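Proteins come first, then strands; the chains are lettered A, B, ... in the order of their sequence lines, and each starts at number 1. This is a predicted model, so every value here is computed, not measured.
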Number of protein chains: 2
Amino acid sequence: MDIQLKRGLLDVCVLAAIKSEDSYGYKIIKDMKPYIELSESTLYTILKRLEMAKMLTVRTAEHGGRLRKYYHITEAGLQRIEEFKEEWKEILAIYQFVTKEDGEHG
Amino acid sequence: MDIQLKRGLLDVCVLAAIKSEDSYGYKIIKDMKPYIELSESTLYTILKRLEMAKMLTVRTAEHGGRLRKYYHITEAGLQRIEEFKEEWKEILAIYQFVTKEDGEHG
DNA sequence: TGTAATACATCATATCACGAAGTATAGGCG
DNA sequence: CGCCTATACTTCGTGATATGATGTATTACA
């Protein structure tokens, strides 16, 4: 996947990964892997950005003697996903613009 | 349209704008406007980048006593559009990942 | 003791969209 | 002529951001 194309999708993808239940860094990367691969440094940058934007909240909890940070989506985060669904219509229009055949005979 | 989301689409959009016939800066911006708005500085940056990547060639021609730069798509440029069509499948998968409802009952 | 997996964090770097500003021509209006 | 707008291309500085490299620390396994 083209890196530029990823940029607009990463934030919503991370939000989607914690939408149904709270999750943590390592698991988010694994869950997203089939769709988008991202490095740890990238993910934690994104998580911090989303936290600052109040699209998620963080809670530290112990798991197996080790501390984990669990991320929980907020209303604003859910709202961001809804916005993406709206943006999707524009993306579809762009896709059609890019793929339309005008030189052939259609 | 979210600026991050634009990033991956701008290049292919510009290529699509010159696909059917050679075009020039100002016209490209107008043709793309219904789909994606971009500033002149952005467009010329992209055109230069695409030229360096040999996805288009440039030809200077006079028009109404003024010089215009006409951009012509190359095989590599057409190839880039084809690649985008392949990437589109991944984007669709991401869209489904983001929009799937797991908390409801599906 | 050593290796790998888990888990999070910081820093430097490269890419890139964009506003601001500049250069230059053509045409309309008074 | 002077002024404005549209056309047409260019350069510069800035801010956003994905990522590799690197570091810290624990658990599990051989």
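- Of the residues near DNA chain D, Leu43(A) and Glu40(A), the one whose nearest nucleotide (by heavy atom distance) lies more toward the 5' end is Leu43(A).
- Nearest approach of Lys69(A) to Tyr24(A), heavy atoms of both residues: O-CB, 3.1 Å.
- Atoms NE2 (His63(A)) and C1' (dT26(D)) sit 12 Å apart, rounded to a whole Å.
- In terms of phosphate contacts, Lys6(A) brings a side-chain nitrogen or oxygen within less than 4.0 Å of OP1 or OP2 of dT19(D).
- Of the candidates dA7(C), dG19(C), dT19(D), dT19(D) carries the atom nearest the Thr42(A) side chain, counting heavy atoms from C-beta on.
- Distances shown here put every side-chain N or O of Tyr26(A) at or beyond 4.0 Å from the OP1 or OP2 atom of dA5(C).
- Closest heavy-atom contact between Ser23(A) and Ile28(A): OG-CG1, 3.6 Å.
- Between the P atom of dT7(D) and the CD1 atom of Ile29(B) lies a distance of 11 Å, rounded to the nearest Å.
- Between the CD1 atom of Ile36(A) and the C1' atom of dA18(D) there is a distance of 12 Å, given to the nearest Å.
- Here the P atom of nucleotide dA26(C) and the CG atom of Leu67(B) are 10 Å apart, to the nearest Å.
- Between the C1' atom of dA17(C) and the CD1 atom of Ile28(B) lies a distance of 17 Å, rounded to the nearest Å.
- Among dA18(D), dA9(C), dT7(D), the nucleotide with an atom closest to any side-chain atom of Arg66(B) is dT7(D).
- Picking from dT19(D), dC8(C), dT27(D) the nucleotide with the shortest atom distance to the side chain of Ser41(A) gives dT19(D).
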Let me see the working for Asp31(B) and Lys27(B) under salt bridge (charged side-chain N to carboxylate O under 4.0 Å, His left out), right down to the final yes or no.
CA-CA 6 Å; Asp31(B) 289 345; Lys27(B) 184 163 188 296; 3.1 Å; yes
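- Relative to the side chain of Gln4(A), the nucleotides dC18(C), dC16(C), dA18(D) differ in distance, and dC16(C) lies closest.
- Comparing dA26(C), dT6(C), dA7(C) by their nearest atom to the side chain of Lys30(A) picks out dT6(C).
- Rounded to an integer number of Å, the gap from Arg49(A) CZ to dG15(D) P is 17 Å.
- Taking atom CG of residue Asp2(B) and atom C1' of nucleotide dA17(C), one finds them 12 Å apart after rounding to whole Å.
- With dT10(D), dA7(C), dA17(C) as the choices, the nucleotide that has an atom nearest any side-chain atom of Tyr44(B) turns out to be dT10(D).
- The residue Arg7(B) sits close to a base: some heavy atom pair falls under 4.0 Å.
- Between the side chains of Thr42(B) and Thr45(B), no donor-acceptor pair of N or O atoms lies under 3.5 Å.
- Both Gly25(B) and Leu10(A) lie near DNA chain D, and the one whose nearest nucleotide falls closer to the 5' end is Gly25(B).
- To the nearest angstrom, C1' of dT15(C) lies 12 Å from CD1 of Ile3(B).
- When the nucleotides dA6(D), dC18(C), dA7(C) are ranked by their closest atom to the side chain of Ser39(B), dC18(C) comes out on top.
- Residue Lys27(A) has no polar side-chain atom (N or O) positioned under 4.0 Å from OP1 or OP2 of dT6(C).
- Residue Lys48(A) is classed as a sugar-phosphate contact, given heavy-atom separations below 4.0 Å to backbone atoms only.
- Using a 4.5 Å heavy-atom cutoff, the side chains of Asp22(A) and Tyr71(A) are not in contact.
- Residue Lys54(B) places its NZ atom among 12 or fewer non-hydrogen atoms of other residues, nucleotides or ligands, all under 6.0 Å distant.
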